[in-house]
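Worth saying up front: this structure is predicted, and the values here are computed from it rather than measured.
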Amino acid sequence: KNQAYQQFQAELAKKEAEMLGPLRDKARAALAITAKEKGVTVVLDKKIVVYGVPEITDDVKAKLTKGDKLEYPKDEVDPTQ
């Protein structure tokens, strides 16, 4: 049972990465592009309350829903690296 469970978990993780990977990449690109446009160098989770910083959530959402092809800016450091 344990081996079957581990195999199932591995297949599930592979399928999740396959299906959600492109969406994560697109979201990461939209965030990087928006941050660059707004002159933001550090992006924090919305749950962290920081005063005096621009709110870019709606701008990122707009880029994601617009339907354009989004690619991570070449001159930026990819946060996944």
Side-chain angles (χ1 to χ4, degrees):
K1 288 182 181 181
N2 191 27
Q3 185 179 9
Y5 177 75
Q6 289 177 347
Q7 183 179 5
F8 172 76
Q9 287 293 343
E11 289 177 24
L12 181 62
K14 182 181 175 184
K15 194 65 163 176
E16 181 180 290
E18 179 183 306
M19 295 181 79
L20 295 179
L23 181 58
R24 285 186 189 123
D25 292 343
K26 186 175 179 179
R28 206 175 286 125
L31 182 60
I33 292 166
T34 303
K36 187 173 184 175
E37 289 173 356
K38 299 286 183 176
V40 175
T41 55
V42 176
V43 177
L44 301 172
D45 189 299
K46 196 172 186 176
K47 295 174 190 169
I48 300 172
V49 178
V50 179
Y51 297 97
V53 296
E55 170 60 50
I56 63 172
T57 303
D58 291 335
D59 297 319
V60 173
K61 285 180 183 179
K63 284 197 184 325
L64 287 170
T65 57
K66 192 174 180 181
D68 293 344
K69 183 176 179 181
L70 297 170
E71 293 184 4
Y72 202 85
K74 302 293 184 211
D75 57 336
E76 297 293 321
V77 176
D78 188 335
T80 62
Q81 301 297 319

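Applying the side chain to side chain contact (heavy atoms under 4.5 Å, CB included) criterion to Thr65, with sequence neighbours excluded, gives no partner residue. Remark: Lys14 pairs with no residue by the salt bridge (charged side-chain N to carboxylate O under 4.0 Å, His left out) rule, at least two apart or across chains. Residues that satisfy the salt bridge (charged side-chain N to carboxylate O under 4.0 Å, His left out) test with Lys61, not counting sequence neighbours, are absent from this structure. For Glu55, the side chain to side chain contact (heavy atoms under 4.5 Å, CB included) partners at least two apart in sequence or on another chain are Lys46, Thr57. In this structure Gln3 satisfies the side chain to side chain contact (heavy atoms under 4.5 Å, CB included) test with no other residue, sequence neighbours excluded. Glu11 meets the side-chain hydrogen bond (donor to acceptor under 3.5 Å, both in side chains) test with Gln7; sequence neighbours excluded. For Lys26, the salt bridge (charged side-chain N to carboxylate O under 4.0 Å, His left out) criterion is met by no residue, not counting sequence neighbours. Not a single side chain to side chain contact (heavy atoms under 4.5 Å, CB included) links Lys1 to another residue, sequence neighbours left out.
Other members of the cluster containing Ile33 are Leu31, Val40, Val43, Ile56, Val60, Leu64, Leu70, with ILVMFWY side chains joined at under 4.5 Å, either directly or via other members.
Here the closest heavy-atom approach between residue Pro22 and residue Ala17 is recorded as CD-O, 4.2 Å.
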